[in-house]
Amino acid sequence: MSARGEAWLWIAQRAAALVLTIAVALHLATIIYAVHHGLSAAAILARTQGNLAWLVFYAIFALAAAIHGGIGLRTIIRETTIWRGTTLDVAIAVVIVGLSLAGWRAASALFA
């Protein structure tokens, strides 16, 4: 990959980290709120089901995690193995898409 491509991956990973920072903080605040108010799992699900805002939040959260983790995995593989080139990039793209789909499935299950 070109130096420009590597730079864009670096930017994408840092942007995903920024989104994750905000998402994790909101997620933890929500958990703390639920625990302090004695909400059961059923009560929490009742609040998320059909709520488009929570669907969008968790879909973005999952996408940011997939991008951040996938790019990080690519970096680890490049630093610890001899695997380089298009095959690595395609494999990581498949990982990112797979993680994104799994995250979408989880987010949509909370919505349904």
Side-chain angles (χ1 to χ4, degrees):
M1 180 172 289
S2 68
R4 176 175 276 189
E6 294 290 338
W8 277 111
L9 286 177
W10 186 87
I11 290 168
Q13 188 177 35
R14 291 340 181 253
L18 176 63
V19 171
L20 282 172
T21 300
I22 295 164
V24 167
L26 181 58
H27 181 69
L28 290 175
T30 303
I31 290 170
I32 291 167
Y33 174 86
V35 168
H36 283 299
H37 288 86
L39 295 176
S40 66
I44 293 167
L45 283 175
R47 291 176 183 213
T48 62
Q49 290 178 335
N51 187 322
L52 186 59
W54 282 117
L55 174 64
V56 170
F57 169 74
Y58 280 114
I60 291 170
F61 193 164
L63 180 61
I67 290 168
H68 185 78
I71 295 170
L73 178 61
R74 179 184 178 273
T75 301
I76 291 168
I77 291 170
R78 286 178 52 90
E79 290 177 357
T80 59
T81 72
I82 60 170
W83 194 10
R84 304 274 188 286
T86 305
T87 59
L88 174 59
D89 295 338
V90 169
I92 293 302
V94 169
V95 168
I96 291 172
V97 168
L99 290 172
S100 297
L101 291 173
W104 172 254
R105 184 173 178 202
S108 62
L110 288 175
F111 180 75

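Worth saying up front: this structure is predicted, and the values here are computed from it rather than measured.
When hydrophobic clusters are built by joining Ile, Leu, Val, Met, Phe, Trp and Tyr residues whose side-chain heavy atoms come closer than 4.5 Å, directly or via intermediates, Ile76 is not grouped with Ile92. Note: the hydrophobic cluster containing Phe61 does not contain Leu55 (ILVMFWY, side chain heavy atoms under 4.5 Å, direct or indirect links). Leu20 and Leu9 fall into different hydrophobic clusters, where Ile, Leu, Val, Met, Phe, Trp and Tyr are joined by side-chain heavy atoms under 4.5 Å apart, directly or via other members. At a threshold of 4.5 Å between side-chain heavy atoms, the hydrophobic network of Ile, Leu, Val, Met, Phe, Trp and Tyr places Ile71 and Ile60 in two separate groups. No continuous path of hydrophobic side-chain contacts links Ile22 to Val24 [ILVMFWY only; heavy atoms under 4.5 Å].
Interatomic distance, His27 NE2 to Ile32 CD1, rounded to the nearest 0.5 Å: 10.5 Å. With values rounded to the nearest 0.5 angstrom, Gln13 atom CD is found 10.5 Å from Arg74 atom CZ. Taking OG1 of Thr21 as the start and CG of Leu26 as the end, the distance is 12.5 Å to the nearest 0.5 Å. One distance of note links CD1 of Ile96 with CD1 of Ile67; it measures 6.5 Å at 0.5 Å rounding.
No side-chain heavy atom of Leu18 sits under 4.5 Å from any side-chain heavy atom of Arg14.
Here the closest non-hydrogen pair linking Leu52 and Phe111 is N-CE1, 3.6 Å. Closest of all the heavy-atom pairs between Ala66 and Ser100 is CB-OG, 3.4 Å. The minimum heavy-atom distance between Arg47 and Trp54, with the atom names listed, is O-CD1, 4.1 Å. In this structure, Ala64 and Ala16 approach most closely via the heavy-atom pair O-CB, 3.5 Å. Closest approach of Ile44 and Ala34 over heavy atoms only: CD1-CB, 3.8 Å. Considering all non-hydrogen atoms of both residues, Ala23 and Phe57 come closest at O-CZ, 3.4 Å.
Proximity of a side-chain donor or acceptor of Arg78 to a complementary backbone N or O of Arg84 within less than 3.5 Å is not detected. The backbone N or O of Leu45 lies less than 3.5 Å from a partner atom in the side chain of Thr48, making a donor-acceptor pair.
Few gaps surround CH2 on Trp83; more than 12 heavy atoms of other groups in view lie less than 6.0 Å from it.
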For the pair Leu39 and Tyr33, evaluate side chain to side chain contact (heavy atoms under 4.5 Å, CB included) and give the outcome as yes or no after the intermediate values. CA-CA 9 Å; Leu39 295 176; Tyr33 174 86; 4.2 Å; yes
